[in-house]
Asker: 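This is the structure, below, for whatever I ask next.
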Amino acid sequence: VQGVGFRPYIYRLAVEQRLAGFVHNRPDGVAVEVEGPREALDGFMFRVVRELPPLARVSACEVSEIEPRGENGFRIVQSGEEGRPAVHIPPDTATCPQCLAELFDPSDRRYRYPFINCTNCGPRLTIITGIPYDRTNTSMQAFPLCDRCRREYEDPRDRRFHAEPNACPVCGPALSLLDEQGREIPCTDPVEKTLELLKAGLVVAVKGLGGFHLCVDASNSEAVLRLRNRKFREEKPLAIMVRDLASARRLAWVSPEEERLLGGGERPI
């Protein structure tokens, strides 16, 4: 329930049910206090485990009654420290359809920004440095949010409400291309330059979430052999990256189960 937009989900659900209270992360999960009319509370409890965010998985839910505090409104409060660490941070998840649409929209401010994400997708496990899952406990703490990203992050109606890796070209990390000595290669577009190097037969290490992809042009037998020799991998198959399912089908038979996996949130793995 951490790293999946669960607190924003609880916030919106409580507001819809006109309940007061708060939600916060804890090392052992997420704690929620709600107060209001019994009918609204029952409606909240009925919906809370039935309308989960796409990435959320609830392993246990404990409910107890306490005296009303007389709260006004519902809010997300600072994470607590009580409880033994017991949460399961989800793995990195493939870019969702909404983010992909923005990524390739020339009018969008995140057009071709490779680190695009929202509460429904993007990095999770590979960026955390501790729990609970808050931005201060991730590698993104080194990138303060710009004003526009901050507004998204703080707006309960926004898809990036409390999306901890939220960033844009103004405030987030940027791509760079380095040579084998670690020196930056001057270029206006690291992606276009990388494509040139791959087409020229070079081996390129692409740093991704949790590790590196060693890439070559799969249609260049000399480049593939060079990679095999460097990895001492004479016969074991190498993974082939494709743009989409249509490209995969041109190379192999894709079963319905494989199609589901290749199109699902697990596809970075």
Asker: Please round to the nearest 0.5 Å and tell me the distance separating atom OH of Tyr111 and atom CD1 of Ile116.
Answerer: 12.5 Å
Asker: CG/Leu238 to SG/Cys215 distance, rounded to the nearest 0.5 angstrom?
Answerer: 11.0 Å
Asker: So, the side chain of Arg75 versus the backbone of Ala20: is there a donor-acceptor pair under 3.5 Å, distance only?
Answerer: no
Asker: Keeping Gln17 on the side-chain end and Ala14 on the backbone end, is there a donor-acceptor pair under 3.5 Å?
Answerer: no
Asker: Could you give the distance from NZ (Lys193) to OG (Ser176), rounded to the nearest 0.5 Å?
Answerer: 14.5 Å
Asker: Could you give the distance from CZ (Phe22) to NE2 (His24), rounded to the nearest 0.5 Å?
Answerer: 5.5 Å
Asker: Consider only side-chain heavy atoms of I, L, V, M, F, W and Y, link residues closer than 4.5 Å, and tell whether Val32 and Leu52 are in one cluster.
Answerer: yes
Asker: Is any side-chain heavy atom of Pro173 closer than 4.5 Å to one of Met140?
Answerer: yes
Asker: Do Asp105 and Ser107 get their side chains close enough for a donor-acceptor pair, meaning under 3.5 Å?
Answerer: yes
Asker: Less than 4.5 Å apart, any side-chain heavy atom of Thr138 and any of Thr129?
Answerer: no
Asker: Does Val15 belong to the same Ile/Leu/Val/Met/Phe/Trp/Tyr cluster as Val30, with side-chain heavy atoms less than 4.5 Å apart forming each link?
Answerer: yes
Asker: Run the side-chain contact (heavy atoms from CB on, under 4.5 Å) test on Arg233 and Lys236 for me, step by step, so that the C-alpha distance in whole Å, both residues' side-chain angles and the decisive distance to 0.1 Å come before the verdict.
Answerer: CA-CA 6 Å; Arg233 192 166 177 170; Lys236 187 177 180 180; 3.6 Å; yes
Asker: How close do Pro190 and Leu175 get, counting heavy atoms only, and between which atoms?
Answerer: CG-O, 3.9 Å
Asker: With the 4.5 Å side-chain cut-off for hydrophobic clustering, are Ile240 and Leu245 part of the same group?
Answerer: no
Asker: Check whether any side-chain heavy atom of Asn220 sits under 4.5 Å from a side-chain heavy atom of Val216, and report yes or no.
Answerer: no
Asker: Does any N or O in the side chain of Arg267 come within less than 3.5 Å of the main-chain N or O of Thr95, such that one atom is a donor and the other an acceptor?
Answerer: yes
Asker: Using a 4.5 Å cut-off on heavy atoms from C-beta on, say whether the side chain of Glu33 contacts that of Ile66.
Answerer: yes
Asker: Applying the 4.5 Å side-chain criterion to the ILVMFWY set and letting contacts propagate, would Leu227 and Val242 be lumped into a single cluster?
Answerer: no
Asker: Do you know which two heavy atoms are closest between Asn117 and Gly122, and how far apart they sit?
Answerer: CB-CA, 4.0 Å
Asker: Nearest 0.5 Å, what's the CG-CZ distance between Leu13 and Phe74?
Answerer: 9.0 Å
Asker: Go through the steps to decide whether Arg249 and Glu259 satisfy the test salt bridge (charged side-chain N to carboxylate O under 4.0 Å, His left out), and finish with yes or no.
Answerer: CA-CA 10 Å; Arg249 290 194 180 99; Glu259 180 177 342; 3.0 Å; yes
Asker: Could you go step by step and tell me if Arg47 and Glu16 meet the salt bridge (charged side-chain N to carboxylate O under 4.0 Å, His left out) rule?
Answerer: CA-CA 11 Å; Arg47 296 175 62 188; Glu16 288 176 12; 2.7 Å; yes
Asker: Please check if atom CG in Asp147 has more than 12 non-hydrogen atoms from other residues, nucleotides or ligands closer than 6.0 Å.
Answerer: no
Asker: Would you say the side-chain atoms of Arg50 pair up with the backbone N or O of Phe46, donor to acceptor, closer than 3.5 Å?
Answerer: yes
Asker: Quick check with a 6.0 Å cut-off and a 45 degree axis cone: is Arg157 positioned over the face of Phe161's six-membered ring?
Answerer: no
Asker: I'd like a table of donor-acceptor pairs (distance under 3.5 Å, sequence neighbours excluded) in which one partner is a side-chain atom from residues 164-172, with atom names and distances.
Answerer:
| unit_1 | atom_1 | unit_2 | atom_2 | d |
| --- | --- | --- | --- | --- |
| Glu164 | OE1 | Arg135 | N | 3.1 |
| Glu164 | OE1 | Tyr153 | OH | 2.7 |
| Glu164 | OE2 | Arg7 | NH2 | 2.8 |
| Glu164 | OE2 | Tyr153 | OH | 3.4 |
| Asn166 | OD1 | Arg110 | NH2 | 3.1 |
| Asn166 | ND2 | Cys149 | O | 3.2 |
| Asn166 | ND2 | Glu152 | OE1 | 3.3 |

Asker: What's the spacing between Leu195 CG and Asp189 CG if we round to 0.5 Å?
Answerer: 8.5 Å
Asker: Check for a donor-acceptor pair, side chain of Arg124 on one end and backbone N or O of Pro91 on the other, with a separation under 3.5 Å.
Answerer: no
Asker: Can you see whether Asp92 engages Thr126 through a side-chain donor-acceptor pair at a distance of less than 3.5 angstrom?
Answerer: yes
Asker: What's the verdict on side-chain contact (heavy atoms from CB on, under 4.5 Å) for Arg183 and Leu178, showing C-alpha distance, side-chain angles and the deciding distance?
Answerer: CA-CA 5 Å; Arg183 298 169 300 203; Leu178 311 178; over 6 Å; no
Asker: Measuring only between side-chain heavy atoms, which start at C-beta, is Arg228 closer than 4.5 Å to Glu234?
Answerer: no
Asker: Using a 6.0 Å cut-off, check whether atom CZ of Arg148 has over 12 heavy atoms from anything other than its own residue.
Answerer: no
Asker: Counting only N and O atoms by type, is there a donor-acceptor contact under 3.5 Å from the side chain of Thr119 to the main-chain atoms of Arg159?
Answerer: yes
Asker: Kindly determine whether Glu184 and Leu177 satisfy side-chain contact (heavy atoms from CB on, under 4.5 Å), including the steps that lead there.
Answerer: CA-CA 6 Å; Glu184 186 162 359; Leu177 182 61; 6.0 Å; no
Asker: Please test Arg160 against Asp155 for salt bridge (charged side-chain N to carboxylate O under 4.0 Å, His left out), starting from the C-alpha separation and ending with a verdict.
Answerer: CA-CA 8 Å; Arg160 293 184 170 92; Asp155 183 356; over 6 Å; no
Asker: Tell me, with the steps shown, if Glu65 and Arg38 meet salt bridge (charged side-chain N to carboxylate O under 4.0 Å, His left out).
Answerer: CA-CA 12 Å; Glu65 291 194 9; Arg38 171 60 63 181; 3.2 Å; yes
Asker: Would you kindly confirm whether Val203 and Ile185 end up in one hydrophobic cluster when ILVMFWY residues are joined by side chain heavy atoms under 4.5 Å apart?
Answerer: no
Asker: Ring centroid separation for Tyr113 and Phe115, is it under 6.0 angstrom?
Answerer: yes
Asker: Report yes or no: does Asp134 contribute a side-chain atom to a donor-acceptor pair with the main-chain N or O of Asn137 at less than 3.5 Å?
Answerer: no
Asker: With a 4.0 Å cut-off, would you call Glu102 and Arg109 a salt bridge?
Answerer: no
Asker: If you take all heavy atoms of Glu51 and Tyr9, which pair is closest and at what distance?
Answerer: O-CE1, 2.9 Å
Asker: Counting only heavy atoms not in Glu257, do more than 12 sit closer than 6.0 Å to its CD atom?
Answerer: yes
Asker: Do Asp244 and Ser247 come close enough that some side-chain heavy atom pair is under 4.5 Å?
Answerer: yes
